[in-house]
Amino acid sequence: MSSGFFGYCPNAFVKAAQLVKHKSIHSSKRYVCKNRNCWLYGNDLYVKRQRFTEQRRPTGRLPILPTRGSWKAVTSQSTEDGVCSVLIIGSGVTGSTAAFQLAECGVDVLVAEKNEQVGGNIISRKEGGFIWEEGPNTFQPTPDILAMTEKLGLVDKLVLADSKLPRYVFYNDKLHKIPSSPLEACNLSLLSTGGKLRALLGAIGFAPMNLGRKEETVREFVTRHLGQEVYERLVDPFISGVYAGDPSKLSMKAAFKRVQALEEKGVTQSLIEGAIIRMFESKNKKTGKKETKVSLKVPRGSLGSFRDGLQMYPTTVQSKLSDKVKTGWKLVRLEKSGTGNSHQSCGDYFAVFEIPNGNTKVIRTKAVIFTSPAYITASLLRPFIPIASDLLEQIYYPCVISVSLAYPSSSFRFPLSGFGHLIPRSTKIRTLGTIWSSSLFPYRVPKGYELLSSYIGGAQDVDIASISEDQVVKQVDSDIRKILLNQDAAFPKVLGVHRWKKAIPQYELGHLSRVETIQNQISETLPGVLLGGNYISGISFGDCVSFGIQLADRASHYIKESSQLLSVT
Ligand SMILES: Cc1cc2nc3c(=O)[nH]c(=O)nc-3n(C[C@H](O)[C@H](O)[C@H](O)COP(=O)(O)OP(=O)(O)OC[C@H]3O[C@@H](n4cnc5c(N)ncnc54)[C@H](O)[C@@H]3O)c2cc1C
Ligand SMILES: C=Cc1c2[nH]c(c1C)Cc1[nH]c(c(CCC(=O)O)c1C)Cc1[nH]c(c(C)c1CCC(=O)O)Cc1[nH]c(c(C)c1C=C)C2
């Protein structure tokens, strides 16, 4: 036994050994130590040490008499308050999509959401003639989103922003238009002549090879192909505007499958350059996937939302599924019924919830879809898959704060027309970027106002987490003044400040193999448990919709197969 093994729980090992030896525990039950850092399950002891869990079999010298001490049995295999075929944890875009699809196929589904409102990351607000978003702002209307829009009866609520609205990068005290084609890239004011030549060299094939074919960060990949300037002035701000991330930590392969795939297929470098430019229009388009057939057509490249904001999507699912969506239900524990070989058993699960009035509800279900963030799913599944839970916990979510401000139109140096601007981290401006929301959707502001949605924080500014709301607003306002406003512009109306303590999962080096290991352990240990959410599917709204549809498909197959198995045996 190594010293310090027990971390926070001295004597846990001895106590556990006593319990096992003297058979004062039941092997199919789970026991948790008072401080919740150690637990016993199936005769094995698990001890949590910082971010890792060690698994030990308590054997050896067993002194003194058995005592339950600070250990408590937590496997109640309680009688249930309700039953469903598929339980979905979380009502964000992934959970809402999966739930609606399953209900459409006649599967008995139940959604449990810990918050009082559905939507997860999606929060749309409406007040005083303004409509604004505190989470995602727009989506690229993929065939799956359009198909769901039709099925949900939301076609007349779909709003589209002009696809031609340019994106800008603020660099050297000027706004520079991002090119939307390789031709426009030649006239790009953002790059110096040297920077353009370096990118051109890469484009015609003079880029060093990735010797050893190691997994590259976004920074390594881009500087290798296109040079430092393209990286610093174009790709670093793009990464802010999608991941709020650090390009020297993100995995190229995981974050931008499509661009990396071009190189792996041996496609010429110039295509890589073109693809990087197109990242700004359409990132991560899936290849080889059967396209969903949809009658609703929209102009290519347009950006979508719904009349009162993106939250109309989950609230419409909620109203269609009525009492099958439970808000204020927080899953606190999952229990597995039955013992025996988990590969063969299609045993049920008991899900234990805390509900608003301080009571508990227990739901029995055949399958569970977890769409909760990785770190929450880790804590819920730790008793069954401790190693995979450690991997889930390693997925980093930085803090991002969204700040929605309204200024009189007269405050601006020029008429606002564009998607918004992003700011490279090499400048001294702290805000990551600002969406010119009233330019995208003019009906969302009262006449005479402009609405700006800014984002601050992210993986390269971890100190933001400890800054007060007032300071954040002052910082964002002062950054906007440097870029868009007249000197005498009045202080804005502050519509909303939302601190996303854990905003967006970062697809760092090793992400894809981490997810593969997690998925393998789940399918080996927990039949009928499926994982979804933006740390697996891809982070965009569209990725989550598509993955929600796939999850529904897999869950309904599982239900069919397991009921066939039961009728045969
Ligand atoms: C600030 C910000 C801006 C963004 N901008 C864009 C954008 O413009 N365009 C775009 O395409 N994407 C954008 N995204 C990304 C996109 O919004 C997300 O990837 C997507 O909304 C995630 O959906 P989800 O369903 O996977 O997860 P979530 O929205 O995180 O949903 C998970 C749900 O699980 C619930 N839950 C957690 N624990 C429990 C529990 N124990 N019991 C019950 N329920 C539980 C949570 O309350 C939550 O509702 C943005 C994200 C953020 C944070
Ligand atoms: C500055 C912070 C952020 C802004 N948006 C996000 C963050 C972290 C999150 C985000 N934005 C988009 C996506 C979906 C990505 C996808 O795969 O489609 C996510 C997760 C969309 C997006 N936003 C911008 C771009 C270039 C994209 C990709 C595709 C598209 O064009 O729609 C640009 C952008 N984002 C933000 C700003 C201020 C900005 C400015 C140009 C905010």
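Ligands are counted one by one from 1 in listed order, and the atoms in each one are counted from 1 as well. We use all heavy atoms of the structure for the numbers below, so side chains are in, but hydrogens, waters and symmetry mates are not. Because the structure is a prediction, the values reported are computed rather than measured.
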Enumerated ligand 2 atoms positioned under 4.0 Å from heavy atoms of Leu432: 1 (C)

Table of N or O contacts for ligand 1, cutoff 3.5 Å:
unit_1	atom_1	unit_2	atom_2	d
ligand 1	8 (O)	Asn137	N	3.1
ligand 1	9 (N)	Thr138	O	2.8
ligand 1	11 (O)	Phe541	N	2.8
ligand 1	19 (O)	Asn534	ND2	2.9
ligand 1	19 (O)	Ile539	O	2.6
ligand 1	25 (O)	Val93	N	3.1
ligand 1	25 (O)	Thr94	N	3.0
ligand 1	25 (O)	Thr94	OG1	3.1
ligand 1	26 (O)	Thr94	OG1	2.8
ligand 1	26 (O)	Asn534	N	3.2
ligand 1	29 (O)	Asn121	N	2.9
ligand 1	41 (N)	Leu331	O	3.1
ligand 1	42 (N)	Leu331	N	3.0
ligand 1	44 (N)	Lys114	N	3.2
ligand 1	47 (O)	Glu113	OE2	2.6
ligand 1	47 (O)	Asn115	ND2	3.4
ligand 1	49 (O)	Glu113	OE1	2.5
ligand 1	49 (O)	Glu113	OE2	3.2
ligand 1	49 (O)	Gly120	N	3.4

Give yes if a backbone or side-chain nitrogen or oxygen of Gly420 is under 3.5 Å from a nitrogen or oxygen of ligand 2, and no if not. no

Could an N or O of ligand 2 be found under 3.5 Å from any N or O of Thr138, whether backbone or side chain? no

Listed partners of Tyr397 passing ring pair (Phe, Tyr, Trp, His ring centres under 6.0 Å), at least two apart: Tyr375

Atoms of ligand 2, numbered as shown, that sit under 4.0 Å from any heavy atom of Ile539: 20 (C)

Under 4.0 Å to a heavy atom of Phe238 - the qualifying atoms of ligand 2, by number: 26 (C)

Residues which pass ring pair (Phe, Tyr, Trp, His ring centres under 6.0 Å) with Phe139, listed by chain and number, not counting sequence neighbours: Phe306, Phe541

Touching ligand 2 at all, Leu303? Heavy atoms, strictly under 4.0 Å? yes

In Thr434, Thr431, Asp477, Asp479, the residue satisfying side chain to side chain donor-acceptor pair (under 3.5 Å) with Ser454 is Thr434

What orientation do Tyr449 and Phe130 show, parallel under 30°, tilted 30 to 60°, or perpendicular over 60°? perpendicular

Run the numbers for me: atoms of ligand 2, each under 4.0 Å from some heavy atom of Ala244, listed by number. 8 (C)

Beyond-backbone contact of Leu526 with Tyr349, side-chain heavy atoms, under 4.5 angstrom: yes

Considering all heavy atoms of both residues, which atom of Val352 and which atom of Glu335 are nearest to each other, and what is their separation? CG2-OE2, 3.9 Å

For atom 35 (N) of ligand 2, the option (of Gly457, Pro166, Gly241) bearing the nearest heavy atom: Gly241

Write down the atom of Val222, the atom of Val230, and the distance for their closest heavy-atom approach. CG1-CG1, 4.3 Å

Considering Ser240, Pro136, Pro237, Ala255 one by one, which has a heavy atom nearer to atom 3 (C) of ligand 2 than any of the others? Ser240

For Phe353 and Ala112, the nearest pair of non-hydrogen atoms, with its separation, is CE2-CB, 3.3 Å

Output, in order, the C-alpha distance, side-chain angles, deciding distance and verdict of salt bridge (Lys or Arg N to Asp or Glu O under 4.0 Å) for Arg125 and Glu134. CA-CA 8 Å; Arg125 304 272 313 273; Glu134 302 200 337; 3.4 Å; yes

For Gly433, atoms of ligand 2 separated by under 4.0 Å from a heavy atom: 38 (C)

List in chain and number order the residues that pass side-chain contact (heavy atoms from CB on, under 4.5 Å) with Val83, two or more places apart in sequence or in another chain; answer none if no residue qualifies. Glu80, Arg364

Out of all atoms in ligand 2, which are within 4.0 Å of some heavy atom of His421? Include the element for each. 38 (C), 40 (C)

Does Ser438 use its side chain to pair, donor to acceptor, with the backbone of Leu451 at less than 3.5 Å? yes

Can you name the atoms of ligand 2, numbered from 1 with element, that are less than 4.0 Å from a heavy atom of Arg167? 30 (C), 31 (O), 32 (O), 41 (C)

